[in-house]
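Excluded from the calculations below are hydrogen atoms, water molecules and symmetry mates; all remaining heavy atoms, backbone and side chain alike, are included.
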Amino acid sequence: MPRTPGGHPRLVLGVLGALILGGAVWAGFSTAVRPVSDAARAAASPETPPRPPLVVVEDLPRLAARLDREAAAGRFMGGVLVARGDRVLFRQVYGKANYGQDQALKLDSRFRLASISKQFTAAAILRLQDEGKLSVSDPVCKWIQPCPKAWEPVRISHLLSHTSGIPDLMARPGWGMRRTTPATLDELTEDSKRFGLQFTPGTKVRYDNAGFNLAAAIVEKASGRPYEAYMHDTFFGPLGMKDSGLDLDGGDHGLIMGYANFPGGLAAQPNANTSIVAGAGAVYSTLDDLLVWQRALHRGGLLKPSSYQQMLADHAPADTPMERGHPRRDWGYGIFANRLGDQVRPSFQDRQIYHTGSWGGFRNLMLYQPDADVTVIVLSNNYHLRDQVFLISQQAMAEALGRDFPTTLHR
């Protein structure tokens, strides 16, 4: 008999060292639900499988036992979902959606996705390419006018693969003020125009939220619609992702509270201001909405095969170095691929397609193993659980694949 979702002891307040919140975007303006056009509905795959029942599932016993222990000890808060094909193997939540209001997490609680959002922006660009409205090889200056002369060699593909040379938001003077000041896409574009390139486009890879804000601005120009309206009418509405949207206005949108661990205990982080990462980190969603997204994206329901392959291809220069002693990731469009199981012990070598997310009190990781059609989604409303979220993700993937269950990190 399934247990009640989130039926775990209240989390003990964390006492991890004080860390500076910010870092690379890895979050989550819900638009008002509007009628979806027939054309937009038809564009989504008509064969999207029905949703599985929204109930607790714990068919991965080792993962279930470990998460029970970690939640009881105050070392994990959030939700985990694992699926193989259309079968959910694990779905459970731990802790509170809001500790100040004593609200428990639910299976359909809305989390900020942070940089997991980047794949949604990349998919929007590729969908417009499939519709013949643009090409990823287009110069950025075709769509952004007036355009800085320094940007003449920059292509849309460079924005999506972190190879444009346009400085990231956090590499610019005045980031502290920008971080807390709401902005529109037009204002973010004008901000980016003020800075020269850090390197020749395509010659290096450097993680870049600014590139995805510019990509979102191009979505608006090419589609003739506001970015959030395009995302709703093209993806969220047709796919039935009723609990997903964009937080561009700082509204409530039914989102849970994000937290961080400080010496004084668990501290709420209510001021996410995801407007400044509109195309890079403003999507919010739920465990099951993300499962719908994963199935549509990776089963061909959203993009033509050629565009999907472009999304997954490695666009980093050949001389890009290894990462902390491990083989470097493939830099796709808004998505990465690597053998992440090499970073745990016991290790396993299955290739995983993934993206992380951290911003405004949230820490997330979403994975897909294509050979076995396994999805793992770990969403935490605690910014400081990076290593915990990673280890849980690999334990979930390993157990779902029948590999040895990892117990430690090797990073």
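A pairwise comparison of heavy atoms in T163 and P317 identifies CG2-CD, 4.5 Å as the closest pair. Minimum heavy-atom separation, L379 to L113: CD2-CD2, 4.2 Å. Across all their heavy atoms, S109 and T286 have their closest contact at O-CG2, 3.3 Å. Between A122 and L160, the shortest heavy-atom distance links the atoms CA-CD2, 4.1 Å. Counting all heavy atoms, side chain and backbone alike, I156 lies closest to S135 at CD1-O, 3.5 Å. Closest approach of A396 to V376, counting heavy atoms only: CB-CG1, 3.8 Å.
At a threshold of 4.5 Å between non-hydrogen side-chain atoms, the residues Y383 and N261 do not count as touching. For the pair L214 and I166, the minimum side-chain heavy-atom distance is below 4.5 Å. Residues D138 and V140 are not in side-chain contact: their nearest non-hydrogen atoms beyond the backbone lie 4.5 Å or more apart. Between L169 and W175 there is a side-chain heavy-atom pair separated by less than 4.5 Å. Using a 4.5 Å heavy-atom cutoff, the side chains of L297 and Q119 are in contact. Residues N382 and L266 have side chains in contact (heavy-atom distance under 4.5 Å, counting atoms from C-beta outward). Looking only at side-chain heavy atoms (C-beta outward), V82 and T375 stay at 4.5 Å or farther from each other. In this structure, the side chains of W359 and V277 come closer than 4.5 Å at one or more pairs of heavy atoms.
Between F236 and W293, the ring centre distance reaches or exceeds 6.0 Å.
Under the rule for a side chain to side chain contact (heavy atoms under 4.5 Å, CB included), the partners of A124 that lie at least two apart in sequence or sit in another chain are V219, Y230, M231, F235. Residues satisfying the side-chain hydrogen bond (donor to acceptor under 3.5 Å, both in side chains) test with N213, not counting sequence neighbours, are none. For R84, the side chain to side chain contact (heavy atoms under 4.5 Å, CB included) partners at least two apart in sequence or on another chain are R87, L89, V374. Applying the side chain to side chain contact (heavy atoms under 4.5 Å, CB included) rule to H298 yields the partners Q294, Y308, I335, I353, Y368; only residues at least two apart in sequence or on another chain are considered. The side chain to side chain contact (heavy atoms under 4.5 Å, CB included) search around D191 returns R172, R178, R194, not counting sequence neighbours. Evaluation of the ring-ring contact (aromatic ring centres under 6.0 Å, His included) rule for Y354 yields F336 as partners, not counting sequence neighbours. Among residues two or more places apart in sequence or in another chain, the side-chain hydrogen bond (donor to acceptor under 3.5 Å, both in side chains) test is passed with R351 by none. Residues satisfying the ring-ring contact (aromatic ring centres under 6.0 Å, His included) test with W151, not counting sequence neighbours, are none. Every residue two or more places apart in sequence or in another chain that forms a ring-ring contact (aromatic ring centres under 6.0 Å, His included) with H162 is listed here: Y207, F212, W331.
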**OP:** Show your working on side chain to side chain contact (heavy atoms under 4.5 Å, CB included) between Y99 and M77 and close with a plain yes or no.
**Re:** CA-CA 11 Å; Y99 282 87; M77 52 195 288; 3.5 Å; yes

**OP:** In sequence, state the C-alpha distance, the side-chain angles, and the governing distance for Q129 and I125, and then conclude on side chain to side chain contact (heavy atoms under 4.5 Å, CB included).
**Re:** CA-CA 6 Å; Q129 176 175 264; I125 290 285; 5.7 Å; no

**OP:** Step by step, work out the side chain to side chain contact (heavy atoms under 4.5 Å, CB included) result for V283 and M241.
**Re:** CA-CA 12 Å; V283 176; M241 297 171 66; over 6 Å; no

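Judged by distance alone, with hydrogens and angles left aside, the side-chain atoms of E58 form no donor-acceptor pair with the main-chain N or O of F90 at under 3.5 Å. In this structure a side-chain-to-backbone donor-acceptor pair under 3.5 Å is present from D130 to K304. Q388 places no side-chain N or O within donor-acceptor distance of the main-chain N or O of L385, the cut-off being under 3.5 Å. Between the side chain of H410 and the main chain of R345, no donor-acceptor pair closer than 3.5 Å is present. Proximity of a side-chain donor or acceptor of T320 to a complementary backbone N or O of A316 within less than 3.5 Å is not detected. Under the 3.5 Å distance criterion, the side-chain polar atoms of Q92 are left unmatched by any main-chain donor or acceptor of V57. A donor-acceptor pair under 3.5 Å is absent between the side-chain atoms of S275 and the main chain of L248, judged by distance alone. For N98 (side chain) and Q101 (main-chain N/O), a donor-acceptor pair under 3.5 Å exists by modelled atom type. In this structure, T189 contributes its side chain and L185 its backbone to a donor-acceptor pair below 3.5 Å. Using modelled atom types, no side-chain atom of D330 and backbone atom of G332 make a donor-acceptor pair closer than 3.5 Å.
Sorted by first and then second residue, the pairs that involve residues 369-382 and meet salt bridge (charged side-chain N to carboxylate O under 4.0 Å, His left out), not counting sequence neighbours, are R299-D373. Residue pairs meeting the salt bridge (charged side-chain N to carboxylate O under 4.0 Å, His left out) criterion with at least one member in residues 400-410, sequence neighbours excluded, are D350-R403. For the salt bridge (charged side-chain N to carboxylate O under 4.0 Å, His left out) condition, no pair includes a residue of residues 199-223, sequence neighbours left out.
Within the model, atoms OG of S307 and CD of Q310 stand 5.5 Å from one another, a figure rounded to the nearest 0.5 Å. Residue I116 holds its CD1 atom at 4.5 Å from CG of N364, rounded to the nearest 0.5 Å. Here the NZ-CD1 distance, from K106 to I256, works out to 12.0 Å after rounding to the nearest 0.5 Å. Interatomic distance, OG1 of T184 versus CG of L188, reported as 6.5 Å (0.5 Å rounding). Note: I218 CD1 to Y227 OH = 12.0 Å, rounded to the nearest 0.5 Å. Atom CG of L409 sits about 8.5 Å away from atom CD of Q343, to the nearest 0.5 Å.
Ion pairing between a basic and an acidic side chain is recognised when a charged N comes within 4.0 Å of a carboxylate O; R328 and D314 show such pairing.
Test D288, D289, D86 against R51 for side chain to side chain donor-acceptor pair (under 3.5 Å) and you get one pass: D289. Only one option out of Q369, Q349, Q352, R329 pairs with L340 in a side chain to side chain contact (heavy atoms under 4.5 Å, CB included); it is Q352. Residue D342 is tested with R411, Q394, H326 for a side chain to side chain donor-acceptor pair (under 3.5 Å); the sole match is H326.
For K96 and N381, the side-chain atoms include no donor-acceptor pair closer than 3.5 Å.
A cation-pi geometry, defined here as NZ or CZ lying under 6.0 Å from the six-membered ring centre and within 45° of its normal, does not hold between R155 and W143.
Atom CE of M177 is surrounded by 12 or fewer heavy atoms from other residues, nucleotides or ligands within 6.0 Å.
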